[in-house]
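Count residues from 1 along the sequence.
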Amino acid sequence: VITLATGTYRESLDFREKGIALRSTDPLDATVVAQTVFKYSSWHKPAILYENIWYDSRASISGLTIDSGGKWGIRCNSCNVDILNNVFIGGFIYRPNDLFKNNRIEGGTGIYEGGPDLLIEENTILSGGVRGFGLGDGPTVRNNLITGIDGTAITKCHGPIQGNTITHCSGRAITSCNGLIEGNTIMFNTAGGLSDCAGTIKGNTIANNRTRYGAGISHCHGLIEGNTILLNEASEGGGGLVSCNATVRNNLIYWNSSVLGGGGLQNCQGSIHNNTIYGNTTDGFGGGLWYCNSGIRNNIVWGNTASQGSQLYQSSSPSFCCIQYWGASGEGNISLDPEFTDAGNGDFRLLPDSPCIDAGAHVSTVIKDFWGDLRGLDGVEDDRGDGSNYDIGADEFLGKELFHLGSDIDLSGWVDALDLLIFLPDWHSTTASNQRSDINDDFLVNPTDLRIMLKDWFRGTGPP
């Protein structure tokens, strides 16, 4: 272990294949880290060089500010070094292959050719981004804040990319990554969200990104499932998704826009099942879908606008879909209002009277809905769809799901006459004897509260 006193060190270190821990006096104290500076500027030598160090001879660097004005910051050459709690001002981190955690990258070109065993976790990355080695299944990129990058934030990383926040980058957020991409927040990137990925893209929020084509997701293959894709803008085509030959299922795709066509989806040739595609717009063709020619089944396509084909244009014949103004071909399609809980606020759960309940068709690969609820629940008594009880859209109506938790005034787990008996004495009162009678918390007990209760009548979070 080498512990550095505070100060500025102007030299290059070569650890000559030894498992040395280089640290400040207190790696968790931001003031100490800022005052322990390793400063070296050379285009030919790294500030710190680790080579041929493996798991039986652990090395680490922690709690330093590394200010490399040249090409190199740390050169690891794919050996195993833990890099913890540092601040990087210049240079780049070349081929790390172990743990890179709780660091802050303020300048330089970021992580370059991270190895397959590298875990990049809980860092703040403001410069350079992350580039994987492009081989194998790694690195893992998890729970980082990556913002303001000049260029692409994450590329050629084939391991799990999970729980990151990626915002305000001038390039795409994620490109050419073929592993699991899950639970990320990807927003306000000026060259789009994701492109050219071939793994599983699941449970992400992809919003307010902009580019020419495919502002949300572009040219991705594999599986696109359970994502919220909204408010993305394409100056030409495909506001939400473009040219994705993937299975697209259980997504909420809404309020995206494009100029030429495909406000929601354009030229997506994989199966499109159980999505809710709402309120997307284009000046051209196909507000909801344009030129999508694979299986379009169990989708709600509603409230989209375009100069031609507001909901669907030049696409294969849909089946068991709810499509606004639809009068064309296709088995089992309906054109009745889907009756969302609150579409204006992005709540696309189905209300109890929705015609989409049980009106879909069985799809063997769609087992759960957007929220993880099992598909095929019997929600209404009459026969609809193909008899499988699959609902149309991203939501599978649970039957007992509460519209508003406040409707259960007596906290019994069920909304029934007992709740109404508590509610009625407070009707039109501004000083309710039971505070829970004011279901929407507006300091009035009035018809708005009653309407909420009626939507939840004989529903609950538990059995009656």
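Glu233 meets the salt bridge (Lys or Arg N to Asp or Glu O under 4.0 Å) test with Arg210; sequence neighbours excluded. In this structure Phe370 satisfies the ring pair (Phe, Tyr, Trp, His ring centres under 6.0 Å) test with no other residue, sequence neighbours excluded.
Enclosure of atom OH in Tyr291 is not indicated, since only 12 or fewer non-hydrogen atoms of other residues, nucleotides or ligands lie within 6.0 angstrom. Applying the 6.0 Å contact sphere to CG of Asp442 captures more than 12 heavy atoms from other residues, nucleotides or ligands. With a 6.0 Å radius and a threshold of 12 heavy atoms from other residues, nucleotides or ligands, Asn102 has its CG atom above the threshold. For Gln435, the CD atom counts as loosely surrounded, since its 6.0 Å shell holds 12 or fewer non-hydrogen atoms of other residues, nucleotides or ligands.
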Take Ser316 and Asn293, measure what side-chain hydrogen bond (donor to acceptor under 3.5 Å, both in side chains) needs, and give me the verdict at the end. CA-CA 5 Å; Ser316 58; Asn293 290 306; 4.8 Å; no
Can you check side chain to side chain contact (heavy atoms under 4.5 Å, CB included) on Leu118 and Asp98, steps first, answer last? CA-CA 4 Å; Leu118 175 63; Asp98 200 1; 5.6 Å; no
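The two residues Leu312 and Ile323 make their nearest non-hydrogen contact at CD2-CD1, 4.4 Å. The two residues Asn232 and Gly239 make their nearest non-hydrogen contact at CB-O, 3.3 Å. Shortest non-hydrogen contact noted between Arg375 and Gly393 is NH2-O, 2.9 Å.
If you look at Phe348 and Tyr254, their ring centroids are closer than 6.0 Å. Here Trp302 and Tyr278 keep their ring centres 6.0 angstrom or further from each other.
Salt bridge status for Asp382 with Arg384: present, with a side-chain N to carboxylate O gap under 4.0 Å.
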